[in-house]
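Reading through the structure tokens given below for one structure.
Within every chain, numbering begins at 1; the chains are lettered A, B, ... in the order of the sequence lines, protein sequences first and strands thereafter.
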Amino acid sequence: MKDTDIKRLLYAHLFCIFSIILSVFIPSFFLENFSILETHLTWLCICSGFVTAVNLVLYLVVKPNASSKRSSLSHKVTRLLKCCIYFLMSCFSFHVIFVLYGAPLIELVLETFSFAVLLSTFTTIPCLCLLGPNLKAWLRVFSRNGVTSIWENSLQITTISSFVGAWLGAFPIPLDWERPWQVWPISCTLGATFGYVAGLVISPLWIYWNRKQLTYKNS
Amino acid sequence: MMRLGSGTFAACCVAIEVLGVAVFLRGFFPAPVRSSANTRHQAELPAPEPSAGASSNWTKLPPPLFSKVVIVLIDALRDDFVFGSKGVKFMPYTTYLVEKGASHSFVAEAKPPTVTMPRIKALMTGSLPGFVDVIRNLNSPALLEDNVIRKAKAAGKRIIFYGDETWIKLFPKHFVEFDGTTSFFVSDYTEVDNNVTRHLDKVLRRSDWDMLILHYLGLDHIGHISGPNSPLIGHKLSEMDSILMKIHTSLLAKERETVLPSLLVLCGDHGMSEMGSHGASSTEELNTALIFISSAFERKPGDIRHPKHVQQIDVAATLAIGLGLPIPRDSVGSLIFPIVERKPMREQLRFLHLNTVQLSKLLKENVPLYEKDPGFEQFKMSERLHGNWIKLYLEENNSEVLFNLGTKVLRQYLDALKMLSLSLSTQMAQYDIYSMMVGTVVVLEVLALLLLSIPQALHRKAELEVPLSSPVFSLLFYLMFLVLSALHVIVCTSAESSCYFCGLSWLAAGGVMVLISALLCAIVSVLTKMFFSGNLSNKTPSHPNSKWSELDHLILLGTVGHVLSLGASSFVEEEHQTWYFLVNTLCLALSQETYRNYFLGDNSEPQHHFPMEQGLDGAASALKTRTGGDGTERDNGHGSPFLSEVLEGHEKWMVLASPWLILACCRLLRSLNQTGVQWAHRPDLGHWLTSSDHKAELSALAALSLLVIFMLVQRGCSPMSKAALALGLLGVYCFRAAIGSVLFPWQQDNKDISKGIIEARFVYVFVLGILFTGTKDLLKSQVIAADFKIKTVGLWEIYSGLVLLAALLFRPHNLPVLAFSLLIQTVMTKFIWKPLRHDAAEITIMHYWFGQAFFYFQGNSNNIATVDISAGFVGLDTYMEIPAMFLTAFGTYAGPVLWASHLVHFLSSETSSGSALSHACFCYALICSIPVSTYIILVTSLRYHLFIWSVFSPKLLYEGMHLLITAAICVFFTAMDQTRLTET
Ligand SMILES: [Zn+2]
Ligand SMILES: [Zn+2]
């Protein structure tokens with residue numbers, strides 16, 4: 001593992017953070033009355049779009065797991081299709097989990113689903129970019145000591161921090177402060193976003209600090 | 001030194017903790033502040049009219065304003081039932097009186113707790129009842145405080161009462177004629193009121209009474225059954241309106257015979273929340289209607305739609321003055337002035353003077369610095385001015401000057417009244433800090449001891465040494481005891497206010513001192529031992545395989561988070577959300593664990609560095625050594641072999657699917673009963689089921705749930721108890737059918753509704769039978785000491801007896817809660833705990849979490865109003881205190897109790913390790929005492945919080961009760977553990 005790798009990781013992450021910041025400011029030039037809280041749905045869509053785009057671009061540019069094998073076009077297409085299906089499935093399963101956690105079943109369905117999409121963008125899309133539609137690899141990365149590169153390590157950290165952020169974001173909901181951001185799912189989406197950003201910031205730093213101790217099997 | 005099993009140790013600790021919490025509670029809920037004049041029973045002379053110079057000639061009490069008073073108290077009469085659109089629609093006569101008649105209408109604000117008995121007390125004494133009155137609500141003792149009824153009786157008034165029998169208990173021998181109706185059969189809302197109304201014609205024709213009190217319960221019962229928006233409410237309001245009309249016309253007819261007019265008072269004791277319950281402090285529950293009707297009042301020109309707000313405690317003073325009685329001594333309320341505004345100026349001032357004198361006397365007795373109180377200053381000033389006015393009046397001066405000065409005095413008096421009343425009501429909350437401190441110290445010492453003994457208690461041997469007679473510490477012990485006694489004497493001799501702990505006998509107080517010093521010595525000795533042995537064990541390398549799974553992190557995090565959340569009132573109100581959230585996360589963590597074990601089984605790989613595991617605190621590392629010491633083979637999930645190899649066929653899929661199944665069950669249960677405060681008004685399945693249109697669905701669901709319960713429980717029972725269980729569950733259905741909440745398929749509509757006494761007693765027989773068989777089996781296993789199986793069966797039988805009792809006590813719409821609880825227990829046992837091999841501590845804490853979640857799934861909350869007292873009257877003819885208390889407590893805590901008893905059965909049947917039960921008992925005691933002890937400290941520091949009475953105090957009572965139940969559970973655990981010890 002070289003320092004250049006960590007540097008590349010840091011830049012990629014900074015790019016992601018930048019895209020999230022842009023998603024807050026750019027739409028207000030085009031849309032009237034745009035604000036995160038009042039037009040929350042719009043922001044959710046824009047933010048997920050931005051993050052997806054940045055992830056795809058990074059994947060194409062940086063190619064963290066560049067495999068030497070060349071694969072056929074049909075193989076690529078099935079791979080892409082599989083990715084789309086996985087993404088949709090993850091959206092739906094997040095939605096189901098939210099409902100199990102107590103989100104209303106019928107009212108605010110759209111909001112709940114957009115939150116599921118947002119969380120999928122923060123977690124599933126980087127996984128798909130990095131690991132491809134390969135469930136076994138996913139399980140390996142998220143088990144106790146299965147990471148094999150700094151990219152996977154940072155993926156683990158950002159994903160977990162997004163989840164934790166969303167989880168913690170549910171805490172203010174029962175408080176009686178009557179703030180607009182306490183409404184479901186705003187606090188959770190904000191929590192997930194903050195968690196994701198925190199993960200993006202923390203993971204390169206963490207890897208940098210622990211670069212001596214980290215040894216990966218395949219690198 | 002004494003060697004104790006960790007189970008026994010934990011049970012002792014919890015028992016001592018119960019004692020500490022009891023002392024704390026006694027100090028926290030203060031005895032109501034009373035006027036010290038209470039001890040002297042002779043009648044006081046009324047305060048004479050003030051006068052500057054020559055003394056006034058008016059020293060007697062003013063004569064009554066009204067000849068007869070009729071009080072119509074409609075339970076749960078919310079203000080908008082009369083003044084809102086419902087009133088206009090259903091109460092035309094009352095609306096006419098309010099808008100155009102000779103009446104004064106108000107919105108009377110009740111103080112929490114909005115429960116009937118404290119509210120009756122507030123109406124009649126004018127004082128603010130303490131919170132303890134809520135608990136006494138069930139067995140109301142006679143009212144000792146000074147009150148209007150007592151004063152009226154002393155003045156020779158003849159009082160007649162019909163209605164809620166709480167009054168008869170509160171005022172025994174005060175009524176010349178009475179007929180009480182019991183309020184406990186909440187499902188009845190016609191009979192209770194007909195019992196009152198049937199006397200009305202007869203009584204109204206007579207004229208040998210001075211005061212008539214009618215307490216109608218029907219409206220409140222309708223609220224409890226179907227909420228404030230039910231069509232039944234309208235019918236009931238029309239009925240009440242016609243009753244009011246009847247009374248009013250007959251009073252008007254009578255008035256021609258007498259000189260004085262009569263007074264008709266319509267009031268409510270408390271309101272009704274949007275759910276139809278009461279007890280808390282939402283505006284709907286606090287605001288009640290209050291109307292005074294009398295021909296002495298001026299007719300109003302037009303419609304006055306916005307009644308003024310007054311306090312409910314003002315009624316006592318107003319009634320006393322209206323009847324020409326002295327104001328009750330402890331009354332904090334002020335005269336409702338419009339009642340006397342048509343009287344001559346001199347009388348008006350006299351009334352106000354009497355009221356302010358009474359309030360300032362109360363202030364003098366309860367506030368040391370009363371002279372600095374602005375209300376008192378204002379009172380002194382008004383009294384001086386009043387004297388001047390009297391002087392002018394007696395000199396018969398210019399009437400205009402007299403009038404102007406009079407109105408000025410009046411305004412000053414009213415201000416003084418308001419200020420005095422306010423500063424008195426804030427003075428009422430005084431805490432007995434010394435008793436609270438003693439209780440807190442005991443509880444904290446026990447908690448410290450529990451925490452410090454974690455490593456020893458959870459060691460494989462599950463034994464610990466309790467130092468009782470070490471010579472060094474005995475010196476410390478005597479020193480401590482001396483110091484504490486000296487402190488006790490100093491505190492008790494210097495305290496001005498009453499203190500419970502000082503009031504105890506010397507022997508009892510000394511006993512508590514001994515306990516405190518002994519606990520302290522034990523803590524010190526454990527600490528020193530830890531310090532010395534810690535030096536040794538630090539040199540040896542720590543256990544290499546002691547690592548924390550995600551589950552352990554979650555458990556630690558969840559416990560800490562829950563305890564911290566108790567400091568915020570909203571989190572206390574919505575505590576069910578916390579538990580649902582934690583249980584959900586637990587299921588997800590379990591699911592992640594099963595998946596990883598199933599697909600990867602990557603336990604052989606060396607662990608690379610995880611920094612978060614190092615940042616754990618002391619308790620955590622103690623627990624870590626525990627897992628190390630215990631974890632020879634069944635450490636946690638990682639120690640298990642590749643999961644997919646162990647299981648085969650459909651079982652594999654069940655293991656993978658079971659966490660999701662449990663999650664789905666929890667989601668269903670959560671939508672059964674909306675509880676808490678913020679979302680309590682949301683529609684839920686429970687309300688849908690209990691509404692009268694869906695009786696068929698409710699019956700089907702109840703029958704299905706009973707069937708599921710039978711299927712799940714019978715598999716562990718002996719044939720005898722199997723049959724008993726089946727008959728018992730059948731009896732449960734018959735009981736619910738008899739009281740009219742469910743239907744038999746062949747039964748079209750409700751026939752006659754009974755109390756179902758026979759059916760319920762039929763079920764009790766089987767409950768006792770099953771429990772008896774279980775106990776017999778347990779004893780047999782202890783005596784014969786060979787058959788391990790008998791013990792398992794015995795435990796399961798005790799468990800199934802409890803399940804049957806719970807099925808009897810639960811409302812029919814809550815039977816699915818019981819069925820799902822059994823289902824989840826079965827699924828967890830079969831597909832999660834057995835294959836994943838969690839250790840006893842983890843399983844215990846999971847049981848505890850689910851038990852807490854089920855407490856709220858049942859529809860409970862941290863609000864007194866949600867306690868289902870109807871459970872205490874199942875199968876009982878009359879109110880019997882002890883069985884009713886026991887049944888209500890069991891019905892309320894059925895969830896935690898059932899999960900705990902399942903835990904006992906599971907651990908004693910599944911695990912091979914001999915110490916599992918004592919470990920579990922210790923963990924259970926620890927996990928229950930952490931929230932209680934923290935909460936005690938939190939409540940002490942939040943005692944001046946705005947929501948202390950409405951949110952934090954009820955929760956404190958719940959915590960105390962929970963600790964008591966935990967103590968019982970720990971004793972049961974230990975008893976089971978003892979049988980094991982004697983066995984081997
Ligand atoms: Zn009531
Ligand atoms: Zn009630």
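- Residue B/I662: no heavy atom, backbone or side chain, is found under 4.5 Å from chain A.
- The distance from atom CZ of B/R682 to atom CD of A/E107, rounded to the nearest 0.5 Å, is 5.0 Å.
- Looking at A/V96, neither its backbone nor its side chain comes within 4.5 Å of chain B, counting heavy atoms on both sides.
- In this structure, A/I97 and B/W660 have side chains that are in contact, with non-hydrogen atoms separated by less than 4.5 Å.
- Of the possible donor and acceptor atoms, none in the side chain of B/R670 sits under 3.5 Å from a partner among the backbone N and O of A/L100.
- Of the residues considered (B/F581, B/W679, B/Y580), B/F581 shows the highest number of contacts with chain A, using heavy-atom pairs under 4.5 Å.
- Side-chain contact check for A/L135 versus B/Y595: every heavy-atom pair is 4.5 Å or farther apart.
- In this structure, A/E38 places its CD atom where only 12 or fewer heavy-atom neighbours from other residues, nucleotides or ligands lie under 6.0 Å away.
- Residue B/L588 touches chain A through its side chain alone, counting heavy-atom pairs closer than 4.5 Å.
- The nearest pair of heavy atoms linking A/P174 to B/S570 is O-CB, 3.4 Å.
- Contact annotation for B/T585: both backbone and side-chain heavy atoms come within less than 4.5 Å of a heavy atom of chain A.
- Enclosure of atom CZ in A/F15 is not indicated, since only 12 or fewer non-hydrogen atoms of other residues, nucleotides or ligands lie within 6.0 angstrom.
- Residue contact with chain A, scored on non-hydrogen atoms closer than 4.5 Å, is absent for B/E573.
- Around the CH2 atom of A/W209, the shell of radius 6.0 Å holds no more than 12 heavy atoms that belong to other residues, nucleotides or ligands.
- Expressed to the nearest 0.5 Å, how far CD1 of A/I173 lies from CD of B/E574 amounts to 11.0 Å.
- At most 12 heavy atoms of other shown residues, nucleotides or ligands fall within 6.0 angstrom of atom OH in A/Y208.
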